[in-house]
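So that the names make sense, note that chain A is the first sequence line, chain B the second, and so on, each numbered from 1. Keep in mind the model is a prediction, meaning the values are calculated, not measured.
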Protein chains: 2
Amino acid sequence: MSSIRDVASRAGVSVATVSRALTGRGKVSAATKATVQAAARELGYVASVTASSLASGRTRNIGIVMPTVGRWYYSSVLQAVASELNGAGYDLTLYITENDEQFRHKIFADFLLRKRLDAVISVTLRPTDHELRQLKKVGRPLLAVGGIIPGVATVRVDEVSIAELATEHLLSLGHRDIAFIGSPEVVDADFQLTSSRERGYLRAMEAAGITPPAEWRISADFTTAVAYQRARNILVNPRFKPTAFFCASDEMAFGAIMAARDLGLSVPQDISVIGIDGHEIGELFGLTTIAQFPAAQGSAAALKTLALLGEIELESDPTESFLSTEFVARFSTAPPPA
Amino acid sequence: MSSIRDVASRAGVSVATVSRALTGRGKVSAATKATVQAAARELGYVASVTASSLASGRTRNIGIVMPTVGRWYYSSVLQAVASELNGAGYDLTLYITENDEQFRHKIFADFLLRKRLDAVISVTLRPTDHELRQLKKVGRPLLAVGGIIPGVATVRVDEVSIAELATEHLLSLGHRDIAFIGSPEVVDADFQLTSSRERGYLRAMEAAGITPPAEWRISADFTTAVAYQRARNILVNPRFKPTAFFCASDEMAFGAIMAARDLGLSVPQDISVIGIDGHEIGELFGLTTIAQFPAAQGSAAALKTLALLGEIELESDPTESFLSTEFVARFSTAPPPA
DNA sequence: CTGAAAGCGCTTACAG
DNA sequence: CTGAAAGCGCTTACAG
């Protein structure tokens, strides 16, 4: 592979000029610029980012940390971030914590501090105060998506409010026995979403004068399979007959619908189901849901990050207000059976 | 942030010794090593990978390129690769081509050549010969997962054979009118899987003396939604009554099953459906399928890459033979209706 | 607009 | 086992 010196000698200029001509930083005459570009092209020269980073302090690489990549929300955010960042010439380095506390810590305490990143985007993760301080010390922008990190710019939807809305929808249909699927399984360090959505559910229920018993708040890990099992357990329980499920994610709602069907129940005649997300497949299930737009969230986060790095200017700051959501009424909710 | 010099002066040794003590390369006495490590800990020192890369030529960063991250197979491979690599102290830089030919080329012709990567893993993508040559010039290992790149070590299952097996299963049940869902939609540059699976289908059909008409080979993009629509179109078509669907992926099989149900048909009484993948949700659908294990593929690819970089030794080479698959018989296939 | 030179923060032969 | 020094391949004040 040719280096900047090869390009310089072929173009008959200094390496400094090559650098300026190719990066666009600093003044170069149009003529020399053309000569240099031609020389670079002929040699198939690609600058070493590693050398460039060390010299300039900019890595043109952004880190993203998320709990998993196997669920719709996360893969959607990731895809949008990658697209936006690569489009701007940036690399994206991915860290998946996998809900493993120790591994999460290793990522925050070691990987993220290696000065390989110009910025880091944290998706629904909440670093500890110590980790936050460490990150602050490296002096690189930190940006959050979904879930709030104190003192950190965050791209998000109004979790509590949309959960409240979903619950209100069910209440307005006449439901009172509404079970919530998606309580945190363990301490909710990572998936703050969960607890906010549960909070919205509780708020709406209480506003309607209902205090849901503990059994109505069903823990699940946001996967379809676990939600299926939980829903099934409930539906066969003679002591507990909800008329509606509010699932904290569409993927869990799919599980609930499948469980009902497998037990010979009709949705929504026998039981109503509502989700949150706006997963494409929801349409096939006729799922009523509140759509959030993870791709929009990811791209907003990427753009905001690029803005923080001075690469672009933003008309408005996507971290200053909630991103929009949309109530999608389909066929999985109806008044409770008489 | 403290640098290697800070650590050196605090430990009372040279920077060379700090480097040796911390990286483990070269000889250092146990005593000095301990002193250095203590000093590093006290200062919260984390070496700059950027500087280290430039000096050593090793970046401890591996690139992975895939068409999408939004489908089960890809997210599963990705998660396993990330886990294995991060565990070994490596970073993972992700590139998503999004089925965009131009963008794909930009990644291969520019991003991958920036000397930021020690190796690259390409998942079901086939670089052009020119791109391959470029990559070869940077002298970094290239590894493929799924789909074969000439001259490149590849981790894969026997696509043709498992597709043949799925088809044979249907044939052995007595089906003859078997439609294949998952033909390539466009030229199959990226998703080579598709065509191999179709080839297996054709081979089995021909061995049974059946030449499937073109309409039996239904194109789809591997998403549930599109497969649903395609299956539905077929099932209402009075001129074309298959008794079984062989779907090239489980996610498409879910769509086919849902389409059948929505039309009031029973699976498998009215129509049989078989998939390929081993998606967790398959169990909820009672889907008969041939499981491949993307996590195993991802982790094999990561380990092989690490081996190529001299980080570890492998007992056996996972690219030398097909990885294993498993026939999973559930409830979506049965003899055709009389 | 262009060049010479210092420097980014490490690693690694080379000596000892 | 340890240190002094060169060097990795760029960028960027500083002069001109």
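For the pair A:R41 and A:Y45, the NZ or CZ position fails the cation-pi test of under 6.0 Å to the six-membered ring centre and within 45 degrees of the ring normal.
Within 4.0 Å (heavy atoms only), A:V49 reaches no atom of the nucleic acid at all. Within the nucleic acid shown, B:T32 comes within 4.0 Å of sugar-phosphate atoms alone, with no base atom in reach, counting heavy atoms only.
Helical stems in DNA chain C, defined as runs of 3 or more consecutive Watson-Crick or G-U wobble pairs with both donor-acceptor distances under 3.5 Å, are listed by first residue as C:1-3 with D:14-16, C:5-12 with D:5-12, C:14-16 with D:1-3.
B:L54 has its CG atom 17 Å from the P atom of C:dG7, to the nearest Å.
Between B:Y73 and B:Q297, the side chains place a donor N or O and an acceptor N or O closer than 3.5 Å (distance only, hydrogens not considered). Side-chain atoms of B:T93 and A:D91 include no donor-acceptor pair closer than 3.5 Å. A side-chain donor from one of A:T32 and A:S29 sits under 3.5 Å from a side-chain acceptor of the other. Between the side chains of B:S14 and B:T17, at least one donor-acceptor pair of N or O atoms lies under 3.5 Å.
The phosphate of D:dG9 (OP1 or OP2) has no side-chain N or O of A:T50 nearer than 4.0 angstrom. Checking the phosphate oxygens (OP1, OP2) of C:dG3, a side-chain nitrogen or oxygen of A:S14 falls inside 4.0 Å.
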5' to 3', nucleotides 10-16 of chain C under a 4.0 Å protein heavy-atom cut-off (B base, S sugar-phosphate only, - none) gives BBBB---

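Using C1' as the reference atom, C:dT12 and C:dG16 are 16 Å apart when rounded to the nearest Å.
Ion pairing between a basic and an acidic side chain is recognised when a charged N comes within 4.0 Å of a carboxylate O; B:D6 and B:R10 show no such pairing. The pair A:R104-A:E98 does not meet the salt-bridge criterion, since no charged nitrogen lies less than 4.0 angstrom from a carboxylate oxygen.
For residues 45-61 of chain B, every residue pair satisfying the salt bridge (charged side-chain N to carboxylate O under 4.0 Å, His left out) rule, not counting sequence neighbours, is listed here: B:R60-B:E311.
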